[in-house]
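Beneath this line is the structure, given in structure tokens, with notes to follow.
Source: prediction; values computed, not measured. Heavy-atom basis, side chains included; hydrogens, waters and symmetry copies ignored. Here is the naming used below: chain letters follow the sequence lines, and residue numbers restart at 1 for every chain.
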Amino acid sequence: MDQTVLANEQVVDGKGWRSGATVERREIPQWFLRITDYADELLEALDELPGWPEQVRAMQRNWIGRSEGVELRFDIQGRDEALNVYTTRPDTLFGVSYMGLAPEHPLTRELARSNPEIAAFVEECNKAGVAEATVATMEKKGLDTGLRAIHPLTGEEIPVWVANFVLMSYGSGAIMAVPAHDQRDWEFATKYALPILPVIAPADGSDVDVSNEAFTEKGVLINSGDFTGMTSEQAFEAIADWLQKQGLGERQTNYRLRDWGVSRQRYWGAPIPIINCPACGQVPVPDDQLPVELPEDVQFDGAGSPLKQMPEWYRTTCPDCGGEAERETDTFDTFMESAWYFARFACADNDGAMLDDRARYWLPVDQYIGGIEHAILHLLYARFYQKVMRDEGLTAAGEPFANLLTQGMVLKDGAKMSKSKGNTVDPQELVDRFGADTVRLFTMFAAPPEQSLEWSDSGVEGAYRFLKRLWHLVRTHVEQGAAPALDAVALNGDQREVRRKVHETIRKATDDIGRRYTFNTGVASVMELLNALYKAADDDSDAGRAVLQEGLEAAVLILAPIVPHVCHRLWRELGHDQPVVDAAWPRWDDTALVQDTHSLVVQVNGKLRGNVELPADAERDAIEAAALEEPNVQRFLADKTVRKVIVVPGKLVNVVAN
RNA sequence: GCGAGUGUGGCGGAAUUGGUAGACGCGGCGGCUUUAGGUGCCGUUGGGGCAACCCGUGCAGGUUCAAGUCCUGCCACUCGCACCA
């Protein structure tokens, strides 16, 4: 049998994914970081992260899962100790028809020692996965323990069951089940023919029907003794008060967030810097012996962590008493290092401390970019770590990343490319063939960064083609000699139109690249500009060449961050001594954007029927009149009466007629 | 199952504040250049129709003068679910 520790995802149908060996859950002592101490701060500080996508903040909020409820006690017949349960719905207390215990609950274990049936059920549960998705989708199963709890209000006897859907890691590991008003409890009760007692009716006065599913909304209490007639909200307070007064329970805030288990029984990870001493217990490795490094002469035999088989590495002496002791052989979760590496980047050469003042100066990171798959774990751990470092005086910032961009994945034929799944496209091959500029241009152009990107070899060729066109136009323009100075007021109509396109492109690209981070549309606008400049390149008048020079300079400046090598060269070609990296971002000229006339779309009943060209300063009456006179519009109005005309200035006219 | 997203031509995508759906690119088609192939250049390209027009943004409803965009209900796919990193 394999002696190893598997990840959840390596367990398939209760067997090891590679060897097929039967897998069982076993408890081992492990190291945890108490992230739950920071649950409230991690939650509340989300509201002060305007530079983060709302989507990620929502996922973190749900993950932390703060809830307000009541922890209450159910006495058990014939036993001294009571059963504690947590509920967010004390208003449903009169609807409790059974209790549920997690298979790992201490009471379940105790019973299993003397009851083989329960022991067998617990063992069966241990073979199933623990992943939340597995627990949530598996068939609900349970076993009556024979114990009877006493309802604190009615005094009635309630059966106590062990149930596979009750999680030891949330709340107290035991639940009061209210099948009428909780869907999981309902399914379980239906399966085992347990009573379903409705105690909440819809607020609109209609009858409650729990024959097909649980009624999980809040409403008005029924069948609830003195509390009948209260709303769920009133009953929450009244029942919580009553329980508190009787000493049977109290209000409690609960979190879904669990402590961060950082122990890994693997070689590849930073050693946990603890020395286990038989006399002194767990002793931290003193500062002057840090960092603890992994041994390099290591044998991998596939069975467990190699560190556990290397006494020459783990045998040491206790820093406190000097006696024989052993190093901790568990290593850290690799999320541990990724939670603060960016802080270390600021002072990577400091070999005397973890961080110094430079980290305090540089943090928080202005713009952090990572995949959406890190929305919860990595980004939550990094936030937690930052707060711990702040509280230790290592940094000043309470949050690690001021702005967050969650980029999509790169897909090839719909399959994801990633570290763990193997990169299916080797960018190096394309870099060798087309250059790094082309590959970057394609990557920026193919999709907005937060969306997934479909890799396309012909798309890369298209990016290459565009760069060649840009290069060619600059060359042919430059070969005709230096361009004359631009006199913006002396341009003819066509030249003014080209110049307007140049400045519209600068305005749009500035917004797309600088504010929206939609690099794809920014690149597209430069492509449009280049198409327009190609058409205008025939004009070899002084004014025409000056406009072309201005347009080419704009294109090169905008593309420089994405296509640096090509633009570095082209900028020099265009007659500049200073390199393009030192050049300022282009600015648009508002006067170049002014248009004398606007083309307005004319709709009849919302359908496009024509266009009218009107002076930009046309009055509403003139716009209406021109729209109504348009021949095709006339045709559609022939047998109708105009009821209303809607004018959207500079855009469209909609004639409502019937 | 729960949480968060996405869905638009043959394909990647655009439409930023409810106002011309399909920008830009790929692919296709036609032409020019070329002995030819390739490259390059020009034109064309959502579907149907000779045309006028009609239809069209996952599906079904709704709100509005006007809906890809807002609302309600569904469907499909993607990401996360704590030991993949």
What is the distance from CD of A/E461 to P of B/G25, rounded to the nearest Å? 16 Å
Per atom distances to the A/A524 side chain, the nearest of B/C24, B/A14, B/G12 is B/C24
Nearest to the side chain of A/I372, which nucleotide is it out of B/G3, B/C79, B/G25? B/C79
Nearest to the A/D512 side chain among B/G12, B/U16, B/G13, which nucleotide is it? B/U16
From A/L43, A/V56, A/L42, residue fulfilling side-chain contact (heavy atoms from CB on, under 4.5 Å) relative to A/R61: A/L43
Heavy atoms, side chains only, cut-off 4.5 Å: are A/R66 and A/R256 in contact? no
Test side chain to side chain donor-acceptor pair (under 3.5 Å) on A/Q60 and A/R383 and set out the steps. CA-CA 11 Å; A/Q60 292 210 351; A/R383 294 183 60 222; 2.9 Å; yes
With distance as the sole test, does A/Y86 use its side chain to make a donor-acceptor pair with the main-chain N or O of A/G69 at under 3.5 Å? yes
Using a cut-off of 4.0 Å on non-hydrogen atoms, how would the nucleic acid contact of A/N531 be classed: base, sugar-phosphate, or nothing? sugar-phosphate
Result for 5'-nearest mapping on RNA chain B, choosing between A/L608 and A/K468, is A/L608
Closest to the A/M527 side chain, choosing from B/C24, B/C81, B/C65: B/C24
Indicate, yes or no, whether a donor-acceptor pair under 3.5 Å links the base of B/C83 to the side chain of A/Q265. yes
Using a 4.0 Å heavy-atom cut-off, does A/N632 contact any base of the nucleic acid, only the sugar-phosphate backbone, or nothing at all? sugar-phosphate
Nucleotide of B/G13, B/A82, B/G19 approaching A/P448 most closely (side-chain heavy atoms): B/G13
By the 4.0 Å heavy-atom rule, please label A/V656 as base, sugar-phosphate, or nothing. sugar-phosphate
Could you tell me whether A/R635 contacts a base, only the sugar-phosphate backbone, or nothing, with contacts defined as non-hydrogen atoms closer than 4.0 Å? sugar-phosphate
So, is A/Q603 near the phosphate of B/G19, with a side-chain N or O under 4.0 Å from OP1 or OP2? no
What's A/H378 touching, base or sugar-phosphate or nothing? Going by heavy atoms closer than 4.0 Å. nothing
Applying a 4.0 Å non-hydrogen cut-off, can you work out what A/F466 is touching in the nucleic acid: base, sugar-phosphate, or nothing? nothing
Please tell me which of the listed nucleotides, B/C83, B/G25, B/C65, lies nearest to the side chain of A/I646? B/C65
Could you tell me whether the phosphate oxygens of B/C53, OP1 or OP2, come under 4.0 Å of any side-chain nitrogen or oxygen in A/R609? no
Looking only at B/G27, B/A14, B/U20, the nucleotide nearest the A/S458 side chain is B/G27
Syn or anti for B/G73? Use the chi torsion, O4'-C1'-N9-C4 for purines and O4'-C1'-N1-C2 for pyrimidines, with syn inside 90° of 0. anti
Look at A/N520 and B/G12 and indicate whether a side-chain polar atom (N or O) is within less than 4.0 Å of OP1 or OP2. no
What nucleic acid atoms does A/T521 come within less than 4.0 Å of, heavy atoms only: base, sugar-phosphate, or nothing? sugar-phosphate
Compare side-chain N and O positions of A/K607 against OP1 and OP2 of B/C55 and report whether any pair is under 4.0 Å apart. yes
Side-chain N or O of A/R465 versus OP1/OP2 of B/G38: is the shortest distance under 4.0 Å? no
Measure from the side-chain heavy atoms of A/N654 and tell me the nearest of B/A85, B/A66, B/C42. B/A66
What nucleic acid atoms does A/W260 come within less than 4.0 Å of, heavy atoms only: base, sugar-phosphate, or nothing? nothing
Phosphate OP1/OP2 of B/C83 contacted by A/R264 side-chain N/O (<4.0 Å): yes
Say we look at B/G46 and B/C24: how far apart would their P atoms be, to the nearest angstrom? 12 Å
Indicate whether OP1 or OP2 belonging to B/C2 is found under 4.0 Å from a side-chain N or O atom of A/R256. no
So does A/R516 get a side-chain nitrogen or oxygen closer than 4.0 Å to the phosphate oxygens (OP1/OP2) of B/A15? yes
Could you check whether the side chain of A/Q30 and the base of B/C83 have a donor-acceptor pair of N or O atoms closer than 3.5 Å, going by distance alone? yes
Does NZ or CZ of A/R469 lie under 6.0 Å from the centre of the six-membered ring of A/Y534, at an angle within 45° of the ring axis? yes
Measure the acute angle between the ring planes of A/F335 and A/H378, then classify it against the limits of 30° and 60° as parallel, tilted or perpendicular. parallel
Name the residue closer to the 5' end of RNA chain B, choosing between A/S599 and A/A446 according to the nucleotide with the nearest heavy atom. A/A446
Suppose you measure atom C1' in B/A82 against the same atom in B/C74; what distance do you get, rounded to whole Å? 32 Å
Tell me whether A/R609 forms a cation-pi arrangement with A/F636, defined as NZ or CZ under 6.0 Å from the six-membered ring centre and within 45 degrees of its axis. yes
In terms of side-chain heavy atoms of A/M59, which of B/A4, B/C24, B/C65 is nearest? B/A4
Applying a 4.0 Å non-hydrogen cut-off, can you work out what A/K140 is touching in the nucleic acid: base, sugar-phosphate, or nothing? nothing
By the 4.0 Å heavy-atom rule, please label A/S263 as base, sugar-phosphate, or nothing. base
Taking the minimum atom-to-atom distance to the side chain of A/R469, which one of B/C41, B/C53, B/G1 wins? B/C41
Nearest-Å distance once atom P is located in both B/G62 and B/U69: 14 Å
For A/R515, answer base if it contacts any base atom (sugar-phosphate contacts may also be present), sugar-phosphate if it contacts only those atoms, and nothing otherwise; contact means non-hydrogen atoms under 4.0 Å. base
For A/Q30, look at atom CD and say whether over 12 heavy atoms of other residues, nucleotides or ligands are found less than 6.0 Å away. yes
Distance between the P atoms of B/G47 and B/G9, in whole angstroms? 12 Å
